[in-house]
Participant: 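Handing you this structure, nothing more for now.
Just so it is clear: chains get the letters A, B, ... in the order the sequence lines come, proteins before strands, and each one is counted from 1.
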Number of protein chains: 2
Amino acid sequence: MTRQRRLVYDVLLRDLDHPTASEVFLRAKDQLAGISLATVYNCLETLTDAGLVKQVNLDREPSRYCPNLHEHAHFFCMSCGAVQDVAPASNDGGLCGWRIPEGNRVEKMEVAMRGLCRRCAAVEESDSEETGDVSASRAARAAN
Amino acid sequence: MTRQRRLVYDVLLRDLDHPTASEVFLRAKDQLAGISLATVYNCLETLTDAGLVKQVNLDREPSRYCPNLHEHAHFFCMSCGAVQDVAPASNDGGLCGWRIPEGNRVEKMEVAMRGLCRRCAAVEESDSEETGDVSASRAARAAN
DNA sequence: TTTTGATTTAGAATAATTCTTGATTTGTCG
DNA sequence: CGACAAATCAAGAATTATTCTAAATCAAAA
Ligand SMILES: [Mn+2]
Ligand SMILES: [Mn+2]
Ligand SMILES: [Zn+2]
Ligand SMILES: [Zn+2]
């Protein structure tokens, strides 16, 4: 655990908001001016390989990083971009609900949800009340 | 639906094995020598936007494409690279099993599983029987 | 203090994808 | 049947996240 690795890890632990490598880099620079983006990438890989951090991907967007080691899914808000952890309800981690082909051995599962976070869902709700216009919310939803 | 789009779509329908854009390109070239990779990308995007095809991502690997429009998850074999469709067991599409934060509105969910397909699981099984060596299968599993 | 091996850094390289820009095709109308 | 316009295709350049390379730095141990 070098200074840079410690710093990168601390950045992830501080806000738990699943920053990208570039975002980690920006935050880390505040504490250690000389740190480089390459080092941030190196540290994130080292931490990931060490099992302290998980890499989180949605589609082809830049990878995000998460220090929550409990089994969990991710919720991505399509409106504000926030990423939240979602805890499993049962102890099979959502594996129920799928007809795994006979004989397949599942080692791990990744679950990503997209939608509107509570705040954005509330804003959209009040918007359509005020304007009586549903198209905005429909458009937001169609925006994928 | 132009000739190129029809061809790209047919390639996807023929094998249902979730090829990458490059793989689609190679297969399409056999039928239409002049087609370009850029056109394959264009067609895949058009088909995806039209809702005929779904883009499937695992980590940061090249995107794969799937013409199965039913709700389904994906199983990726860590050993042979095969990608299989996984049908939902219930009608909530695996949404059960997760404690969605209060107020969040989930629009869609993507589920990816990794492990060993039936064939590779069987091979590994017989391998460790023959050699009495469990390390190979453990290594294969650790290989992520 | 010197050695040694790991780590960091800056910048080049890579690879999937997207963009730009003409060329080509397709459909429409006189 | 020809224009003409709009859509689409294709070639290559550009973009972007990430990885690689090679030299500089660091930090324990001898
Ligand atoms: Mn997380
Ligand atoms: Mn599929
Ligand atoms: Zn939001
Ligand atoms: Zn397999």
Side-chain angles (χ1 to χ4, degrees), chain A residues 1-12 17-66 74 76 81 83 110 112 143-144, chain B residues 1-12 17-66 74 76 81 83 110 112 143-144:
Chain A
M1 192 55 101
T2 65
R3 184 139 84 108
Q4 287 84 348
R5 290 174 185 170
R6 177 83 244 168
L7 172 55
V8 165
Y9 189 45
D10 285 345
V11 163
L12 293 179
D17 62 348
H18 304 85
T20 63
S22 302
E23 288 165 346
V24 171
F25 173 55
L26 291 177
R27 297 178 198 178
K29 257 199 315 198
D30 293 341
Q31 315 262 144
L32 182 61
I35 197 170
S36 75
L37 179 57
T39 297
V40 169
Y41 272 107
N42 287 341
C43 291
L44 288 170
E45 185 184 2
T46 302
L47 292 167
T48 300
D49 290 350
L52 289 174
V53 161
K54 286 199 281 194
Q55 193 184 43
V56 177
N57 295 292
L58 178 67
D59 298 340
R60 302 204 61 77
E61 289 173 21
S63 293
R64 300 177 169 277
Y65 296 86
C66 168
H74 289 102
F76 299 80
V83 181
E110 269 160 49
N144 224 345
Chain B
M1 191 56 101
T2 65
R3 184 139 84 107
Q4 288 84 349
R5 290 175 186 171
R6 177 83 243 169
L7 172 56
V8 165
Y9 189 43
D10 285 346
V11 162
L12 292 179
D17 61 347
H18 304 84
T20 62
S22 303
E23 287 164 348
V24 171
F25 173 55
L26 291 177
R27 296 178 199 178
K29 257 199 315 196
D30 293 342
Q31 316 261 144
L32 182 61
I35 198 171
S36 76
L37 179 58
T39 296
V40 169
Y41 272 107
N42 287 342
C43 292
L44 288 170
E45 185 184 2
T46 303
L47 293 167
T48 300
D49 290 349
L52 290 173
V53 160
K54 287 199 279 194
Q55 193 184 45
V56 177
N57 296 292
L58 178 67
D59 298 342
R60 301 205 61 76
E61 290 173 20
S63 293
R64 301 176 169 277
Y65 296 86
C66 170
H74 289 103
F76 299 81
V83 181
E110 269 160 49
N144 226 340

Participant: Would one find a side-chain N or O of A:Arg60 under 4.0 angstrom from OP1 or OP2 of C:dA16?
Facilitator: no
Participant: Between A:Gln4 and D:dC26, is there a side-chain N or O to OP1/OP2 distance below 4.0 Å?
Facilitator: no
Participant: Between A:Ser22 and D:dA17, is there a side-chain N or O to OP1/OP2 distance below 4.0 Å?
Facilitator: no
Participant: Nearest whole angstrom, please: distance from the P of D:dT8 to the CG of B:Leu44.
Facilitator: 15 Å
Participant: Starting at CZ of A:Arg64 and ending at P of D:dT18, how long is that distance when rounded to a whole Å?
Facilitator: 10 Å
Participant: Any side-chain N or O of A:Arg3 less than 4.0 Å from the OP1 or OP2 oxygen of D:dC26?
Facilitator: no
Participant: Between B:Phe25 and B:Ser36, what is the shortest heavy-atom contact and its length?
Facilitator: CE1-C, 3.5 Å
Participant: Would you say C:dT17 has OP1 or OP2 under 4.0 Å from some side-chain N or O of B:Tyr41?
Facilitator: yes
Participant: Distance check needed: C:dT18 P versus A:Asp59 CG, whole Å only.
Facilitator: 11 Å
Participant: Would you name the heavy atoms of B:Tyr65 and B:Leu44 that are closest together and state the gap between them?
Facilitator: CE1-CD1, 3.6 Å
Participant: A:Asp49 has an atom CG; how far is it from atom C1' of D:dT19, in whole Å?
Facilitator: 14 Å
Participant: Give me the atom names and distance for the closest heavy-atom approach of B:Pro19 to B:Leu12.
Facilitator: CG-CD2, 3.7 Å
Participant: Let's see if you can work this out: which of C:dA16, D:dA10, C:dT9 has an atom nearest to the side-chain heavy atoms of A:Ile35?
Facilitator: C:dT9
Participant: Between P on C:dT24 and CG on B:Leu32, what's the gap in Å once rounded to a whole number?
Facilitator: 16 Å
Participant: Round to the nearest Å and state the distance from B:Glu61 atom CD to D:dA17 atom P.
Facilitator: 19 Å
Participant: Between A:Leu37 and A:Ala21, what is the shortest heavy-atom contact and its length?
Facilitator: CD1-O, 4.2 Å
Participant: Taking only side-chain N and O atoms of A:Thr2, does any of them lie within less than 4.0 angstrom of OP1 or OP2 on D:dA27?
Facilitator: no
Participant: For a quick check of understanding: with a heavy-atom distance under 4.0 Å over all strands, which category does B:Thr46 fall into, base, sugar-phosphate or nothing?
Facilitator: nothing
Participant: Taking OP1 and OP2 of D:dA10, is either one under 4.0 Å from a side-chain nitrogen or oxygen of B:Thr39?
Facilitator: yes
Participant: Calculate the interatomic distance between B:Asn42 atom CG and D:dA10 atom P; express it in whole Å.
Facilitator: 9 Å
Participant: How long is the line joining CZ of B:Arg6 and P of D:dT8, in whole Å?
Facilitator: 16 Å
Participant: Taking only the side-chain heavy atoms of A:Pro62 (C-beta and beyond), determine which of C:dT8, D:dC9, D:dA17 contains the nearest atom.
Facilitator: D:dA17
Participant: Please confirm whether the backbone N or O of B:Glu61 pairs with a side-chain atom of A:Arg60, one donor and one acceptor, at under 3.5 Å?
Facilitator: yes
Participant: Return the 5'-most residue of the pair B:Thr20, A:Val40 with respect to DNA chain C, ranking by each residue's nearest nucleotide.
Facilitator: A:Val40
